[in-house]
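Only one structure is covered here, and it is reproduced in the block below.
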Amino acid sequence: MRFRSIRGTAVTAALCVAMSAQLTQPVLAAPEKSGEPRYSAGSASVGDPYFPNQGNGGFDVQHYDIAFSYDPATKHMDATTTITALATQDMDQFNLDFQGPEISALSVGKHPADFRRDGQELIVTPRPKVKVGETFTVTVKYAGTPPVITDPDGSIEGWVPTDDGAFVAGEPQGAPSWFPGSDHPTDKATFTFHATVPEGLTAVGNGQLLSKTTKDGRTTFVWDSTEPMATYLATVTIGNFQVNETKTSAGIPVYTAVDPRLVSQSAATVARIPEIVDYLSSVFGPYPFASTGAIVDRAPNVGYALETQTKPIFSSSPSLGTMVHELAHQWYGDSVSPTRWSDIWLNEGFATYSQWLWTEHTGGITAQQTFNNSSNYGRAATSAFWQTITADPGPVDMFGSVPYNRGAMTLHALRGKVGDAVFFPLIKGWAAERKFGNASTRDFIAYAEKTSGMDLTNFFDVWIFQKGKPTTW
Ligand code: ARG
Ligand code: ZN
């Protein structure tokens, strides 16, 4: 789903092409008759160089309905995913991204469709064909064990079995492990999950819990994620969880699910979620989603946390700093998402900078002191750290220290350059202007220049486009 003006433009542009074809067709010779659709295959990817198979063209996903049962004892999933999408061209073929288990049936609308699989590509031949402007559904039935995905940096993601269920996280390429879709942050959609698990376990998804019903020893949890979400932020994590519900002072529901083995270690951090969300709202503007919370799971082989939308997920007991980081991503990363993965510093730089601000806010060292320290500007000019380009770290280093630390340093240096009176409205305005959308590094620079009235070419050159330790900016 492309929201606001972007979404309107995509569809309008496609319709305009169709309409102008209609107007000019009569003067053109056969083969095609006036106004007839011109069918072709939707693109197999959106062309992001970090993950060249991700995303698809020819349609725009509006909604995912993902229904499954999962048994941790056998690691068996039985699933039906229905995608509702809007066609942006006339299509006789389109692709989805899927790495999941065997497909037993696939239909487009009511009609069974032919399909074949080639790596992560699921290639569908809809009959009847799909016309531009049409809203259509794709229903995929599949069963088996979803695969664990290994990333360029060696970390694992996707559907990761744990000793009591599954830890589910998808950045940057894990979503196709457990549901078919258009797996790129530029195609956001709303989601509904229906997860059936053995009675006694809890399935925790993004958004709000609509219902929980138990029958014949199995419990179905229905979660509704009502704001647009990038596929990499989707989760339905399963396990033994101690659930707690509260509210922030602004009335935002807070749902936390903590592995009972981690309750005592993580209680102090989890209890501060409302206070953290309140503080971040005061700096970044209103919290973007209808609910918040956290999932604290035990997944020692994962070893990282992820800002899964509305409920960040942790693979062990989180530090306070990590909790702040993942909650800050709700604004920067989740609500405002990267246009290309090379823009990842816009996610990680903001989330890291929010930790610096929180530390200062709670009486620790100042953001300036953090900027100066040995993990940041205090690194020697000869350090390899300065040799990765912040705005293009590559798929191996996209979650390395540069997008995080040099990204945060960039924001702090920008604050120094434009002054607090410009900087804080700038970061708030950015979150508001791009809410539920996507933005690139170039978009951010343009916004910073417009807001500050300054030419920031050299500033961003030395901080994010060039190698080397910046000395003047
Ligand atoms: N965005 C996550 C965090 O900072 C990190 C995800 C790392 N993922 C991975 N596959 N290595 O907060
Ligand atoms: Zn992060």
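Source: prediction; values computed, not measured. Whatever order the structure lists them in is the order used to number ligands and atoms, beginning at 1.
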Exercise. Just how far is it from atom CD1 of Ile365 to atom OG1 of Thr370, taken to the nearest 0.5 Å?
Worked result: 3.5 Å

For this session: Give every residue pair that meets the salt bridge (Lys or Arg N to Asp or Glu O under 4.0 Å) criterion with at least one member in residues 254-271, sequence neighbours excluded.
Result: Asp163-Arg261, Asp164-Arg261, Asp259-Arg261

Seminar exercise, completed: Among non-hydrogen protein atoms, atom 9 (C) of ligand 1 lies closest to Ser155 OG, 3.4 Å

Problem set entry | Closest protein heavy atom to atom 3 (C) of ligand 1, given as residue, atom name and distance to 0.1 Å | Tyr404 OH, 3.4 Å

Exercise. What heavy-atom pair brings Asp224 and Thr192 nearest, and what distance separates the two atoms?
Worked result: OD1-OG1, 3.1 Å

Exercise. How far apart are the closest heavy atoms of Val296 and Ser266, and which atoms are they?
Worked result: CG1-OG, 4.2 Å

For this session: Go through ligand 1 atom by atom and flag the ones less than 4.0 Å from a non-hydrogen atom of His329.
Result: 4 (O), 12 (O)

Problem set entry | Option whose closest heavy atom lies nearest to atom 7 (C) of ligand 1, chosen from Phe399, Phe314, Tyr232 | Phe399

Exercise. Heavy-atom count around Arg117 CZ within 6.0 Å, excluding the residue itself: above 12?
Worked result: yes

Exercise. Relative to ligand 1, is Asn347 under 4.0 angstrom through side chain, backbone, both or neither, heavy atoms considered?
Worked result: neither

For this session: Output the list of atoms in ligand 1 that are nearer than 4.0 Å to some heavy atom of His325, sorted by atom number.
Result: 3 (C), 4 (O), 12 (O)

For this session: May I ask you to list the atoms of ligand 1 that are less than 4.0 angstrom from any heavy atom of Asp151?
Result: 9 (C), 10 (N)

For this session: Would you mind finding which of Glu171, Glu348, Gln173 brings a heavy atom closest to atom 8 (N) of ligand 1?
Result: Glu171

Problem set entry | Whether over 12 other heavy atoms sit under 6.0 Å from Lys141 NZ | no

Problem set entry | Name of whichever N/O/S atom of His325 is nearest to the Zn ion (ligand 2) | NE2

Exercise. Using 30° and 60° as the class limits, which term best fits the ring planes of Trp356 and Tyr353: parallel, tilted or perpendicular?
Worked result: perpendicular

Problem set entry | the Zn ion (ligand 2) to nearest N/O/S of Glu348 below 2.8 Å | yes

For this session: Calculate, to the nearest 0.5 Å, the distance between atoms CZ and CG belonging to Arg379 and Asn405 respectively.
Result: 5.5 Å

Exercise. Any N/O of Glu307 closer than 3.5 Å to an N/O of ligand 1?
Worked result: yes

Seminar exercise, completed: A student checking ligand 1 against Ala305 at a 4.0 Å heavy-atom cut-off should list atoms 2 (C), 3 (C), 5 (C), 6 (C), 12 (O)

Exercise. Considering only protein heavy atoms, which is closest to atom 12 (O) of ligand 1, and at what distance to one decimal place?
Worked result: Glu326 OE2, 2.8 Å

Exercise. With a 6.0 Å cut-off on ring centres, are Phe350 and Phe284 close enough?
Worked result: no

